[in-house]
Amino acid sequence: MKEFQKDLIDWYIHNHRPLEFRLKKDPYEIWISEIMAQQTRIEAMLPYFKRWIQQLPDIESVAKCDDEKLNKLWQGLGYYSRCKNIKKCAIECVEKYNGKLPRTKEELLKLPGIGPYTAGAIASIANGQRVSAVDGNVIRVFSRLYDICEDVTKTSVKKQIEMLVDESLPSKEEISYYNQALMELGALICIPKSPRCDICPIKKYCEASDPASLPYKPKKSARKIEYKHVYVWIHQNKVHVVKRADTGLLAGLYGFDETKPEHIIESIELKPYIHIFSHVEWHMDATLCIVDREDSNYKTIEEIEEYIALPSAFMPFMKQVEEYLWKK
DNA sequence: GTCCGGTGTG
DNA sequence: CACACCGGAC
């Protein structure tokens, strides 16, 4: 092993967080946890992961699972298309690979929802294949190590970094540790702001002249603002929910109406709420409408909690409605 | 308010 | 290549 690899792995062995989902090295569990970890802090995604594995212990159970139930298990995690892709991928694994994930990065890459990072993570961590797993942490570590000042959001620069990582890989015996060590270094030491260079185990290899300024990413353009009026229809102890379109923002999840119901008995203004997505802000006013008749889209609070996937954007209104029904 | 992040699509 | 897609940390 090269000195650089040894320094990094030694540090990792003594300093890494105990990430239980990577200990078992079960490809299925690595896959689910990596997809979940892509958009959330580890602590936030952990309860989701535990619940998912408990209810869906293998790929076949995912392939058979109802979309509504999968969405409910994913509710609040964001980037819901990942959940949809997990199901597509599970079905493909059942059809083509006997209910297992394929073993190599190259084959994994062909599956829906699995890109270069996830393919590399599964192949190297679960199967010991000597391939890279370049996530945002690794981009940051390598942009600093090699003082790469170009825009890392460009595909060409990412490719360049991936090549440097590929050249740095140790033998297959150490590959799992090595890839995790790079990510863990990025998570604990080589952090975005105020990197902790004083205690960095690989600082003697680092060429960054101003580490805190790397990696360079151009400013994102301003979000566009959309104004919405949400009408929460209720009848007796039930709330009206509607399934959203299967493309676009929050596809296939549930929400509230954006039209007034007929037969209103009483209207109550709710507290407005601004929900911020990456490119859009929803500035929402909301009205609670008490309606004197019912249809099949009215659900009790218990039914909503049990199987209606309601994204975070609507939660503040849901909370206010719960409060209203509870007081009544 | 700012920043973070993999993959799919167009 | 740029942009859509989410929620949370600070």
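Proteins get letters first, then strands, A, B, ... in listed order; numbering begins at 1 in each.
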For [X], ring-ring contact (aromatic ring centres under 6.0 Å, His included) partners two or more places apart:
X: A:Tyr48; answer: none
X: A:Tyr324; answer: none
X: A:Phe277; answer: A:His275, A:Trp282
X: A:Phe4; answer: A:Tyr205

Exercise. Take nucleotides 1-7 of chain C nucleotide by nucleotide from the 5' end and write B, S or -, depending on whether a protein heavy atom sits under 4.0 Å from the base, only from the sugar-phosphate, or from neither.
Key: SSSBBBB

Quiz item: Going by atom types alone, do A:His235 and A:Asp292 pair a side-chain donor with an acceptor below 3.5 Å?
Solution: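 No, no side-chain donor-acceptor contact under 3.5 Å.
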
Quiz item: What parts of residues 64-72 of chain A reach DNA chain C, counting only heavy atoms under 4.0 Å away?
Solution: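 Within this stretch, nothing sits under 4.0 Å of the strand.
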
Please state how far atom [atom1] in [X] lies from atom [atom2] in [N], giving the value in whole angstrom units.
X: A:Lys193; N: B:dG5; atom1: NZ; atom2: P; result: 12 Å
X: A:Ile35; N: B:dT7; atom1: CD1; atom2: P; result: 7 Å
X: A:Ile42; N: B:dC4; atom1: CD1; atom2: P; result: 18 Å
X: A:Ile122; N: B:dT7; atom1: CD1; atom2: C1'; result: 13 Å
X: A:Leu108; N: B:dT7; atom1: CG; atom2: P; result: 11 Å
X: A:Glu43; N: C:dG8; atom1: CD; atom2: C1'; result: 11 Å
X: A:Leu214; N: B:dC3; atom1: CG; atom2: P; result: 15 Å
X: A:Met183; N: B:dG5; atom1: CE; atom2: P; result: 13 Å

Using residues 95-103 of chain A as the side-chain source, report each donor-acceptor pair under 3.5 Å to any protein atom, sequence neighbours left out, with the distance given to one decimal.
from    : atom 1 : to      : atom 2 : distance (Å)
A:Lys96 : NZ     : A:Glu92 : OE2    : 3.0

What protein N or O atoms touch nucleotides 8-10 of chain B N or O atoms at under 3.5 angstrom, if any, and at what distances?
from  : atom 1 : to       : atom 2 : distance (Å)
B:dG8 : OP1    : A:Gly113 : N      : 2.2

Quiz item: So do the side chains of A:Leu70 and A:Glu68 get within less than 4.5 Å of each other, counting heavy atoms only?
Solution: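 No, side chains not in contact.
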
Exercise. Kindly state each residue pair satisfying salt bridge (charged side-chain N to carboxylate O under 4.0 Å, His left out) with at least one member in residues 271-284 of chain A, sequence neighbours excluded.
Key: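 Passing the test, one end in residues 271-284 of chain A: A:Arg223-A:Glu281.
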
Practice problem: Sort and list the pairs that fulfil ring-ring contact (aromatic ring centres under 6.0 Å, His included) and have at least one residue in residues 127-148 of chain A, not counting sequence neighbours. | Solution: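 Only A:Phe142-A:Tyr146 qualify under ring-ring contact (aromatic ring centres under 6.0 Å, His included).
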
Quiz prompt | Qualifying side-chain hydrogen bond (donor to acceptor under 3.5 Å, both in side chains) pairs, either residue in residues 115-125 of chain A, two or more places apart | solution =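 For residues 115-125 of chain A, and leaving out neighbouring residues, the side-chain hydrogen bond (donor to acceptor under 3.5 Å, both in side chains) pairs sorted by first residue read A:Glu34-A:Tyr117, A:Gln38-A:Thr118, A:Ser124-A:Asn179.
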
Exercise. Determine: side-chain N/O of A:Lys158 to OP1/OP2 of B:dG6, distance under 4.0 Å, yes or no.
Key: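 Looking at the OP1 and OP2 atoms of B:dG6, neither is under 4.0 Å from any side-chain N or O of A:Lys158.
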
Quiz prompt | Test side chain to side chain donor-acceptor pair (under 3.5 Å) applied to A:Glu269 - qualifying residues, sequence neighbours left out | solution =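 Per chain and number, A:Glu269 pairs via side chain to side chain donor-acceptor pair (under 3.5 Å) with A:Thr287.
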
